[in-house]
Amino acid sequence: YTNAVAVSGTAFTPHHLTLLERLSSRIVLALDSDRAGVTAVKRIAGSMLERGMDVKVAQMEGGKDPADIIKANPLDFKHFIGNAVHVIEFVLNVLKEGMKDERTYKLRVREELVPLLVHMPNKIDREHFEQVVADAIGTTKDAIHYEVGRLEENEKRQATSKNEVHIEKQVTTEKAPQRRTTLESRLYALTHACVGERAWIAG
């Protein structure tokens with residue numbers, strides 16, 4: 001593949017994403033199949049989806065990493081790349097593996113997959129995958145849509161709260177020197193005006 005790039009381990013940064021975005025909006029992730037690799041997929045995919053990119057993941061059978069697969073048989077790797085699935089479907093499959101309790105599976109989907117849907121700016125795409133998730137866990141699309149909207153509102157409130165705190169701190173910092181200067185001026189005036197007399201300072 002000439003249209004491929006590699007990162008050191010799972011160290012994918014926003015700077016990498018900016019560079020990658022200039023080349024294509026269609027991405028296939030082929031990271032290790034271990035827990036760290038899956039976690040990196042979800043982290044990287046969130047940033048990509050937020051920018052409207054089409055993100056797929058190559059599902060490596062047997063938990064092998066890409067290097068081992070390519071060394072054994074490059075054609076197998078081509079097969080996995082060619083059969084890559086959308087990241088939403090990939091995460092659904094990963095969460096389903098080894099999950100015996102259906103309720104726990106649904107809760108894991110709510111915790112780990114719904115945030116990815118929130119990152120999708122394309123409403124049509126988001127609506128499509130809300131249905132995909134609903135079908136996968138046996139619930140209604142309206143239920144998934146509600147959870148997506150609830151999380152979206154929570155993130156907006158948190159962002160607003162952080163901005164308010166930042167502004168408040170900034171204003172406090174900017175005004176503090178002025179208050180100290182005013183207080184020093186009053187003390188200076190008071191000490192000179194009350195020479196030989198008792199001065200009361202209320203603070």
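Every heavy atom of this structure was used, including side-chain atoms; hydrogens, water molecules and symmetry mates were not.
- For the residue pair Met53 and Ser24, the shortest heavy atom distance occurs at CE-O, 3.4 Å.
- Of the inter-residue distances, the one linking Gln59 atom CD with Leu29 atom CG reads 12.0 Å to the nearest 0.5 angstrom.
- Ala45 and Val87 get closest at one heavy-atom pair: CB-CG2, 3.6 Å.
- In this structure, Lys56 fails the cation-pi test against Phe90, since its NZ or CZ atom is not both closer than 6.0 Å to the six-membered ring centre and inside 45 degrees of the ring normal.
- Between Arg126 and Val148, the closest side-chain pair of non-hydrogen atoms falls below 4.5 Å.
- The heavy-atom pair separating Pro66 from Met60 by the smallest distance is CG-CE, 3.9 Å.
- A distance of 5.0 Å separates CG in Leu116 from CD1 in Ile88, rounded to the nearest 0.5 Å.
- When the shell of 6.0 Å around NE2 of His119 is examined, it contains more than 12 heavy atoms from other residues, nucleotides or ligands.
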**OP:** Could you check Asn93 against Glu89 for side-chain hydrogen bond (donor to acceptor under 3.5 Å, both in side chains), going step by step and ending with a plain yes or no?
**Re:** CA-CA 6 Å; Asn93 294 338; Glu89 296 170 307; over 6 Å; no
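- A side-chain contact (heavy atoms from CB on, under 4.5 Å) with Ile44 is found for one member of Leu31, Thr39, Leu17 and no other, namely Leu31.
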Subject >> Audit row: His16, Thr13, side-chain hydrogen bond (donor to acceptor under 3.5 Å, both in side chains) steps and yes/no >> reply: CA-CA 5 Å; His16 292 144; Thr13 68; 3.2 Å; yes
**OP:** Mind running side-chain contact (heavy atoms from CB on, under 4.5 Å) on Met48 and Phe12 for me, showing each step along the way?
**Re:** CA-CA 11 Å; Met48 290 181 170; Phe12 188 84; 3.8 Å; yes
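- The residues Arg150 and Glu147 are annotated as salt-bridged, a charged nitrogen and a carboxylate oxygen being separated by less than 4.0 angstrom.
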Under 3.5 Å, side-chain donor or acceptor atoms of residues 68-81 against the rest of the protein: list the pairs with distances, not counting sequence neighbours.
residue : atom : partner : partner atom : Å
Asn73   : OD1  : Leu75   : N            : 3.1
His79   : ND1  : Asn83   : ND2          : 3.2

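- Taking the charged nitrogens against the carboxylate oxygens, Glu102 and Lys106 do have a contact shorter than 4.0 Å, which makes a salt bridge.
- Legend: residues meeting salt bridge (charged side-chain N to carboxylate O under 4.0 Å, His left out) with Glu111, ordered by chain and number and at least two apart, are absent.
- With rounding to the nearest 0.5 Å, the separation of CG in Leu20 from OG in Ser47 is 12.0 Å.
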**OP:** Evaluate the criterion side-chain contact (heavy atoms from CB on, under 4.5 Å) for residue pair Val132 and Leu92; output intermediate values, then yes/no.
**Re:** CA-CA 9 Å; Val132 170; Leu92 278 172; 4.0 Å; yes
Original post:
Given Leu151 and Leu117, is the side-chain contact (heavy atoms from CB on, under 4.5 Å) satisfied, shown in steps?
Top reply: CA-CA 10 Å; Leu151 184 58; Leu117 294 175; over 6 Å; no
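- Distance check: Arg103 CZ to Arg108 CZ gives 13.5 Å after rounding to the nearest 0.5 Å.
- Of the inter-residue distances, the one linking Met120 atom CE with Glu130 atom CD reads 9.0 Å to the nearest 0.5 angstrom.
- Counting heavy atoms of neighbouring residues, nucleotides and ligands inside a 6.0 Å radius, atom CG of Leu23 exceeds 12 of them.
- For the atom pair Leu49 CG and Ile27 CD1, the distance stands at 11.0 Å (nearest 0.5 Å).
- By the salt bridge (charged side-chain N to carboxylate O under 4.0 Å, His left out) test, Lys42 pairs with Glu112, sequence neighbours left out.
- A single hydrophobic cluster is seen to contain both Val5 and Val41, as judged by linkage of ILVMFWY side chains at heavy-atom distances under 4.5 Å, directly or through other members.
- For the side-chain contact (heavy atoms from CB on, under 4.5 Å) criterion with Val133, the lone passing option out of Val91, Thr139, Leu113, Val114 is Leu113.
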